[in-house]
Number of protein chains: 2
Amino acid sequence: MTELIDQTESSAGARVGNRALSVMDRLREAILGGAVAAGERLNEVQLSKTLSVSRTPVRAALQALAGEGLLDYAPNRGFTVREFPLPAIVDAYDIRAALEGVAVRFAAERGLPAKEREIIERALAAGDKLLERGSFEAGDLTIYRDINGDFHDALLAATGNRMLSEMIRICHHVPVSSTRNIVVFEYHDVRRRHDDHHRIFQAVLAREPWRAEMLMREHVASIKTSLVGYLSERKTYPSAALQPAGDGP
Amino acid sequence: MTELIDQTESSAGARVGNRALSVMDRLREAILGGAVAAGERLNEVQLSKTLSVSRTPVRAALQALAGEGLLDYAPNRGFTVREFPLPAIVDAYDIRAALEGVAVRFAAERGLPAKEREIIERALAAGDKLLERGSFEAGDLTIYRDINGDFHDALLAATGNRMLSEMIRICHHVPVSSTRNIVVFEYHDVRRRHDDHHRIFQAVLAREPWRAEMLMREHVASIKTSLVGYLSERKTYPSAALQPAGDGP
DNA sequence: ACTACGCAAAGTGTATACACATCAATTGGG
DNA sequence: CCCAATTGATGTGTATACACTTTGCGTAGT
């Protein structure tokens with residue numbers, strides 16, 4: 001009763017009740033933030049003591065997170081943080097490329113609702129303005145990260161297919177692979193991807209489904225390529241290294 | 001300890017503990033079988049009385065099924081059977097086509113493990129034998145349904161990517177859209193799809209990733225087309241009509 | 001007759017106690 | 001000295017009681 005929880009999302013995915021919801025959010029944050037190691041076993045009583053709730057909402061949250069693919073479950077052994085080996089992370093980009101490709105194809109076939117169209121136009125305009133200077137300054141990348149997120153989210157909402165959006169959301173929530181992050185910091189790369197966005201948007205408006213899909217697939221694939229290149233330069237395993245960098249537009 | 005449950009699957013997806021597992025299976029069966037209507041609200045106490053268990057495993061099962069996308073959840077209102085409008089069912093084929101396309105691409109890139117290769121070869125041989133007669137008899141479709149399932153499952157296992165296989169599994173579990181069913185009964189159509197399987201397998205063996213992906217996409221897309229055609233002939237809504245027919249190879 | 005308030009019944013959310021499985025360490029036998 | 005069985009501790013699985021939220025019905029007021 002005293003807790004203030006943003007239960008904006010109503011019935012998507014595998015949510016759970018009041019208190020369990022906040023537990024779920026805190027746990028997800030902890031997992032994605034790397035506070036708990038991959039493969040680590042999550043002790044229910046310990047968590048319930050830490051979070052000052054009973055085991056019931058903790059269990060509910062754990063099961064919901066398992067539904068999101070962040071945890072593994074083994075009977076009589078409880079939940080463990082799912083491991084995401086580097087190959088699996090890279091694969092996630094291919095999966096995401098295929099799914100977002102289908103999403104924009106749907107959007108191009110069905111047409112863009114006015115609301116989403118406005119959001120996208122605003123995002124594109126904001127990107128144009130940010131990029132017209134010809135170079136990046138301090139907080140610019142953070143700003144563009146949000147712009148990029150708005151673009152993809154709006155396109156996602158435009159498909160009107162829950163299963164598809166949930167799957168894409170899962171791809172975005174693969175540890176270290178959040179959409180709102182950017183792998184390549186070079187101005188020139190961001191510029192190119194912003195141009196991709198324009199082209200994709202045009203294809204959707206022009207009702208060219210297959211061109212839109214193809215562009216989106218290539219768009220996401222190029223992000224994967226950048227990630228792989230980034231990783232092969234510095235051999236370091238990116239569990240923490242990528243944390244602030246992550247993935248791309 | 002008196003109950004005999006097949007807990008073959010260990011840590012995939014969102015499973016839950018011993019008793020909850022059997023509850024989950026029974027509920028899934030009931031939902032997929034159409035025993036409970038879409039949109040219907042699932043009463044926890046009623047279910048627990050029906051199944052002779054307490055509410056705890058029932059809740060666990062419900063949350064797990066929500067994680068599989070079969071149920072919706074609303075805080076303080078419980079779980080409802082998710083609705084799958086006809087457009088969503090049709091969309092599922094496009095999503096499945098994209099995902100299985102990526103799966104075979106991975107298989108072609110990575111190579112087929114000996115075990116899966118054997119399974120596929122056996123399935124293809126069995127299909128050849130079944131089809132060489134030139135026409136279908138009574139139980140032949142049921143047999144081919146299993147052959148078809150084995151083929152797709154083996155290919156799926158060969159990718160070695162959990163997220164991908166789970167997503168494909170979800171597509172297959174969309175109500176009325178199980179892979180192991182076949183929409184078109186014509187011998188000629190099954191023949192064509194069996195040929196598709198051969199070509200896909202060859203492409204995977206020949207290490208031609210993009211050709212394999214393209215073939216698989218077209219393969220699944222053709223099934224969607226058949227379904228749409230089937231539906232537009234008889235205008236009846238397929239909630240029950242498709243139950244025995246379903247979807248295809 | 002219609003609306004608004006309130007109360008009661010139904011149902012979900014949470015806490016807690018107990019049953020059972022798993023794992024590790026210790027002890028007894030070979 | 002090593003292997004194995006048993007026993008304890010740790011931790012999950014289930015049942016149940018209670019608190020809170022929602023919802024529908026009934027009543028009173030306009």
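No experiment lies behind these values; they were computed from the predicted model shown. All values below were derived from every heavy atom in this structure, side-chain atoms included, with hydrogens, water molecules and symmetry-related copies excluded. First the proteins, then the strands, lettered A, B, ... as listed; each starts at 1.
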Separation of D/dT22 P from B/Asn43 CG (nearest whole Å): 17 Å
OP1 or OP2 of C/dT12 under 4.0 Å from side-chain N/O of B/Asn76: no
Any A/Ser54 side-chain nitrogen or oxygen under 4.0 Å from OP1 or OP2 of C/dT14: no
Sugar-phosphate, base or nothing in reach of B/Arg55, heavy atoms under 4.0 Å: base
Separation of atom CG in A/Leu62 from atom P in C/dT14, rounded to whole Å: 14 Å
Test: B/Arg162 and A/Asp72 ion pair at under 4.0 Å: yes
Side-chain ion pair, A/Arg82 and B/Glu166, N-O less than 4.0 Å: yes
Nucleotide of C/dA15, D/dT14, C/dT12 approaching B/Val45 most closely (side-chain heavy atoms): C/dT12
Distance below 4.0 Å between A/Arg59 side-chain N/O and D/dT14 OP1 or OP2: no
Euclidean distance, atom OH of residue A/Tyr73 to atom P of C/dA21 [Å, nearest integer]: 13 Å
For atom CD of A/Glu44 and atom C1' of D/dT14, their distance in whole Å: 12 Å
Distance, rounded to the nearest Å, where A/Met24 contributes CE and C/dG13 contributes P: 13 Å
Touch class at under 4.0 angstrom, heavy-atom based, for A/Leu47 against every strand present: nothing
Ion pair check, B/Glu68 and B/Arg169, cut-off under 4.0 Å: no
Pairwise 5' ranking along DNA chain C for A/Arg77 and B/Leu42, keeping only the more 5' one: B/Leu42
Phosphate contact (D/dT14 OP1 or OP2) by B/Thr56 side-chain N/O below 4.0 Å: no
Pair B/Arg122 + B/Asp150: basic N to acidic O under 4.0 Å: no
Heavy atoms from other residues, nucleotides or ligands near CZ of B/Arg26 exceed 12 (cutoff 6.0 Å): no
Phosphate OP1/OP2 of D/dT12 contacted by B/Asn18 side-chain N/O (<4.0 Å): no
A/Arg19 CZ - D/dA19 C1' separation (whole Å): 9 Å
Value in whole Å for how far the P atom of D/dT21 lies from CZ of B/Arg41: 16 Å
Residue mapping more 5' on DNA chain D - nearest nucleotide basis, A/Gly78 or B/Pro57: A/Gly78
